[in-house]
Amino acid sequence: MGRVTGRSCIVTGAAQGIGRAIGEALLDEGADVCFADINGTKVVEVASENEARAKKYGGKVLSCTVDVTKRDQVAAMISQTVEAFGKLDVKFNNAGVNKPMNFLDVTEENWQFIMDINGLGVMIGMQEAAKQMIAQGTGGKIINTASIASRQGFDNVAPYCASKFAVVALTQSGARDLAKHKITVTGFAPGVVDTEMWEDVDRSLMEIGASSRPGEAMEEFAADILKGRVAQSSDITGTTTFLASIDSDYMTGQIVMIDGGMTLV
Ligand code: NAD
């Protein structure tokens, strides 16, 4: 029996990277998983590639196209999941974006784009999941993706850092507000994970002149990792499945660092 057998879970930003890995790890331990993403074509493929995995471990798989900043779409995703799996137990608010700019060049557009998805998207995701869990009366778990950028301001990514500090605030506020409904709110904070997001970040940093060759920025960050290497998504999923399981029932309002020892807080 897996740690999350029979649990109904939604993971946003699940068409690739960390979100996809979170969903697959949940399936490996018997959960029913809705893979949700704004990239509808890709998330349908991901779900269909995971049909056999779901069958093997006794779970179900679903895909959903959603823009996490649109409340009606988020509500529809939750309804679709409840219709398919019968309930909602666990909601991962994982979708996120970054677009580096030099501090003095940051535009309102850059700020709004990042804060909308990483901040407002998490707020709406928490609210809509909580409404469903309250209606069920069975409690639930909301799990937010924070970052090392939730703990320190880094240069060239000020709006991203602001948005990830916001994730900590939302996790703490949500934990306090939702405890009376037996809903826990936690988060996890990766350091540098080798995903397509980092490839985009790397390209942007070269475009703005903050690094001079592909991979340089990641190497500089990696130099400060006590574990001596950047993470793969599989380094993250032991913890995310734990946070979705009853083993973490007594945790709420906390962010778990999974950064190989980059930020010791
Ligand atoms: P990624 O770019 O590989 O994947 C992000 C996914 O989110 C994509 O599939 C994208 O289509 C989706 N998405 C973007 N906007 C969306 C929207 N409005 N609605 C729904 N889906 C949307 O990124 P990743 O590296 O897997 O990152 C996942 C999460 O982890 C993000 O919140 C990110 O900030 C965080 N994180 C990543 C790292 C890292 O080093 N990669 C480190 C710390 C935190």
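Atom set for the values below is all heavy atoms of this structure, side chains included, hydrogens, waters and symmetry mates excluded. Ligands are counted one by one from 1 in listed order, and the atoms in each one are counted from 1 as well.
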If you measure from each heavy atom of Gly191 to ligand 1, is any distance below 4.0 Å? yes
Logged contact type for Asn98 with ligand 1, heavy-atom cut-off 4.0 Å, is neither
Query - Contact check: Val68 vs ligand 1, nitrogen or oxygen atoms, below 3.5 angstrom - result: yes
Atoms of ligand 1 under 4.0 Å from any heavy atom of Val66, numbered from 1 in the order shown, are 19 (N), 20 (C)
For Val192, the ligand 1 atoms with a heavy-atom partner under 4.0 Å come out as 40 (O)
- request: Before signing off on this row, confirm whether Val193 and ligand 1 have an N or O atom pair separated by under 3.5 Å.
  value: yes
protein heavy-atom neighbour closest to atom 34 (O) of ligand 1 works out as Tyr160 OH, 2.6 Å
Taking only non-hydrogen atoms of Ala146 and a 4.0 Å limit, the atoms of ligand 1 in range are 44 (C)
Practice task
Give me the ring orientation class for Phe221 and Phe154: parallel if the planes are under 30° apart, tilted from 30 to 60°, perpendicular past 60°.
Solution key: tilted
re atom 24 (P) of ligand 1, the protein heavy-atom contact at minimum distance is Thr195 OG1, 3.6 Å
*If you draw a 6.0 Å radius around CD in Gln254, do more than 12 non-hydrogen atoms from other residues or ligands fall strictly inside?*
no
So the atoms of ligand 1 within less than 4.0 Å of a heavy atom of Trp198 turn out to be 39 (C), 40 (O), 41 (N)
Per-atom filter on ligand 1: closer than 4.0 angstrom to a heavy atom of Ala15 are 9 (O)
Closest to atom 11 (O) of ligand 1 (heavy atoms only, candidates Asn39, Val46, Asp37) is Asp37
The protein heavy atom nearest to atom 2 (O) of ligand 1 is Gln16 NE2, 3.3 Å
Quick look: Lys42 vs ligand 1, heavy-atom contacts under 4.0 Å, and the answer is neither
Here the atoms of ligand 1 under 4.0 Å from any heavy atom belonging to Thr145 are 29 (C), 30 (O), 32 (O), 35 (C)
Min over Ile38, Asp200, Asp259, Ile258 of heavy-atom distance to atom 13 (N) of ligand 1 lands on Ile38
